[in-house]
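Remarks on the structure that follows.
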2 protein chains.
Amino acid sequence: MNIGEIARRAGVSRSTVSYALSGKRPVADTTRRRIQQVIDELDYRPNATARALAEGRTRTIGLVIPPAGNRLTHMQLEFVASVVDAASRADLDVLLSPSGGDHDRSFERLVSERRIDGVILMEIRLEDARAVRLQQARVPFVGIGRTARDRDMCWIDIDYAGLIHHSVCHLADLGHHRVALVNRSPELIAAGYGPAHRARQGFLNAVRERGLDGVEVPCEDDARSGQECIERLLRSHPGLTAVATVNEAALPGVQRALADAGLKVPRDFSVIGVAARLWAEDFRPPLTAADVPAQDMGAQAVSLLLERIAAPGTPPRQILLAPPISLRSSTAAVPAGRLARADGRAAGDRG
Amino acid sequence: MNIGEIARRAGVSRSTVSYALSGKRPVADTTRRRIQQVIDELDYRPNATARALAEGRTRTIGLVIPPAGNRLTHMQLEFVASVVDAASRADLDVLLSPSGGDHDRSFERLVSERRIDGVILMEIRLEDARAVRLQQARVPFVGIGRTARDRDMCWIDIDYAGLIHHSVCHLADLGHHRVALVNRSPELIAAGYGPAHRARQGFLNAVRERGLDGVEVPCEDDARSGQECIERLLRSHPGLTAVATVNEAALPGVQRALADAGLKVPRDFSVIGVAARLWAEDFRPPLTAADVPAQDMGAQAVSLLLERIAAPGTPPRQILLAPPISLRSSTAAVPAGRLARADGRAAGDRG
DNA sequence: TTGTAGGCGTTATCAT
DNA sequence: ATGATAACGCCTACAA
């Protein structure tokens, strides 16, 4: 069933059917009704491929996700879901491309075969070959996350540096002195994953500014690693009274390790972080944390991309989100006994 | 940049370029090399849309996922990832459509605008309007899960009924008598979600066959609900010594509730279930469970779909998986004290 | 071995 | 207000 058949049965030309459908030029009421009737009868829908070829756009956007090998985190999952949802509301389809490395067939197809009008790029690295490729191919794109040269591109990101800085200052205000940052995985850090690096930066800055005794440790994105990580920290850093983290998947393990060590949160130990609300509220006691608004971010990424597609020439717009830190129940003043000891050591630490 | 431009620069006709690219008819070596050189020089790739229009197929499959509102479970996430990965290996692109209800725009676009060669349908209901729609539109499709009229369609599914039956029998063999099934959410059950209904069926059968005292409770897909669910069960069903579950997301809560109640697994209480290995191994102690091979399922769904696309006429093929139950450490013989009491009651129970 | 030309189903520019 | 007709970029049957 195609537009020609509809035209024939309605006794008009194909262009009239096309215009009746698009409304881009007036069509007599009687004609329109006749056409509509035939369309309803045959349940006709224009072929999207043909339309894309003629219009020069596909009404489809690409969403580049990390490959399945690395299991997706909950946060990433929420991005995907919210992007797909937002796109769907804008009558856009979403083509998924799992690609992390540089030379990925599905990514290449996406950018070079003109299957899509624009791309949303997840899991961006500080140096990101895919961003470069998209730029040179002049494909409009938006990053969820940003590269080191972030002025050149359009992105939406969380201010991990600022949030971790703020979190650590909060801990310092509460009297904590020996604090740790539980970061993302060594692989991500090695790969130059932005959030991990920026979290580290914010942590180091706060530690320096407040004269703290701080240690940063990498941690895989799962509960078991979180547990091992805290166990190691407690052994290697006696007197540790608080951790900040950007690794939400590690949280259940953090909780278990502290419980196993007989440390009660927040009485004996404080925990603070950046995490999707689900994880924060599931922590016991509820986690004081900056809630990552993954839902919004997906939607905003889509509208950013739509802007970009509509006006590719304009200077790229960027959105840096710093969600407020929700004070829940996982942070408290450092326990008195420990405070003394920590203070005793502080003098000799870190110049 | 298009095929005509390549042809012009290489001094051949467009068809020669096309054939050189597809290999569907022999091209002289010198000619082929000349063409390839131009292609490399200009970094040309054929336009996918034009190709799709000419060939009558899009090299794209649709993946219908539950809408973002209902947060995706880990298992669903793994399906998505594995489908996308498998498709990518077959040089297929994947178009995502979030749609649960009946009248969904993005789903309608998928099936009626011929954007895709076939569809993989997730989260199938026993009565599923989308399956019906795909059937009438003659779009090849494969279900991850199956409808009540499962002979009519092509699907891959887990044998929840069999696995839960087997699990409960295992509990019975260990001497458990008062057992519960922690099922999926009330909404899913009300919507006729297959796995929930089939799990219930398997549970009831085992309970009947073994003369157990069984109770089935629905539970939302998250830790908090799991916790509340077990707390309620322990109150309302004293003497309960074991639960079976198909609700992996509830497991962390199950664990917490048991710990809070002072019940040690498996000494005081047994837990068994169907879950992705990640969840099973993360449980403490490691969960005796049938491991859902989500990875394989995605890959198999894709190859099933490819078969179907290649030969739409053939009778639909179905794959029912019953992964073995891995004996880990969460099940043990019923505690002696309780056994006596449970046996005492058994005589009067359930005819 | 290569070229010519028609077709895939739309949209959109001229005409009328 | 409506109809021809030429793109859009590729594939492929037919011809040479």
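Every value quoted in this text rests on a predicted model; they were computed, and no experiment measured them. Each chain gets a letter, A, B and so on, in the order its sequence line appears, and its residues count up from 1.
Taking a 4.0 Å limit (strictly below) on heavy-atom distances, residues 28-41 of chain A reaches DNA chain D at Ala28(A), Thr31(A).
Considering CZ of Arg115(B) and CG of Asp93(B), their distance stands at 13.0 Å, rounded to 0.5 Å. Note: Leu63(B) CG to Ile116(B) CD1 = 11.5 Å, rounded to the nearest 0.5 Å.
Leu53(B) and Ala50(A) make their closest contact through CD1-CB, 3.8 Å (heavy atoms, listed as atom of the first residue, atom of the second, distance).
Crowding of Arg109(B) atom CZ: a count of heavy atoms from other residues, nucleotides or ligands under 6.0 Å exceeding 12. Around CZ of Arg25(A), the count of heavy atoms belonging to other residues, nucleotides or ligands within 6.0 Å exceeds 12. For Glu55(B), the CD atom sits in a packed shell: over 12 heavy atoms of surrounding residues, nucleotides or ligands are nearer than 6.0 Å.
Look at Tyr44(B) and you won't find any side-chain N or O under 4.0 angstrom from OP1 or OP2 of dG9(D).
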_side-chain contact (heavy atoms from CB on, under 4.5 Å) between Phe141(B) and Arg308(B), worked out_ = CA-CA 7 Å; Phe141(B) 75 102; Arg308(B) 198 104 201 95; over 6 Å; no
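Every residue two or more places apart in sequence or in another chain that forms a side chain to side chain contact (heavy atoms under 4.5 Å, CB included) with Arg133(A) is listed here: Phe107(A), Glu108(A), Val111(A), Ser112(A), Gln136(A), Ala137(A), Asp43(B). Shown here are the salt bridge (Lys or Arg N to Asp or Glu O under 4.0 Å) partners of Glu5(A), two or more places apart in sequence or in another chain: Arg8(A), Arg9(A).
Across the interface with DNA chain C, nearest-nucleotide mapping of Leu53(B) and Gly11(B) shows Gly11(B) to be the residue nearer the 5′ end.
When Leu304(A), Leu306(A), Leu305(A) are each tested for a side-chain contact (heavy atoms from CB on, under 4.5 Å) with Val302(A), only one passes: Leu306(A).
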N/O-N/O pairs, protein side and nucleotides 12-16 of chain D side, under 3.5 Å:
{"unit_1": "dT12(D)", "atom_1": "OP1", "unit_2": "Lys24(B)", "atom_2": "NZ", "d": "3.3"}
{"unit_1": "dT12(D)", "atom_1": "OP2", "unit_2": "Lys24(B)", "atom_2": "NZ", "d": "3.3"}
{"unit_1": "dA13(D)", "atom_1": "N7", "unit_2": "Tyr19(B)", "atom_2": "OH", "d": "3.4"}
{"unit_1": "dC14(D)", "atom_1": "N4", "unit_2": "Arg25(B)", "atom_2": "NH1", "d": "3.4"}

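Spacing between atom CG of Asn47(B) and atom C1' of dG9(D) amounts to 6 Å, rounded to whole angstrom units. In this entry the distance linking CZ of Arg114(A) with C1' of dC10(D) reads 16 Å, nearest Å.
Gln318(A) places none of its side-chain heavy atoms less than 4.5 Å from the side chain of Arg146(A). A heavy-atom distance below 4.5 Å is found between the side chains of Pro98(A) and Ser106(A).
Rounded to 10 degrees, the angle separating the terminal helix axes of the helix from dT1(C)-dA16(D) to dT16(C)-dA1(D), each built from five base pairs, is 40°.
Nucleotides of DNA chain C with any atom under 4.0 Å from a heavy atom of chain A span, from 5' to 3', dG9(C) to dC14(C).
Using a 4.0 Å cut-off between a side-chain N of Lys or Arg and a carboxylate O of Asp or Glu, Arg105(A) and Asp91(B) qualify as a salt bridge.
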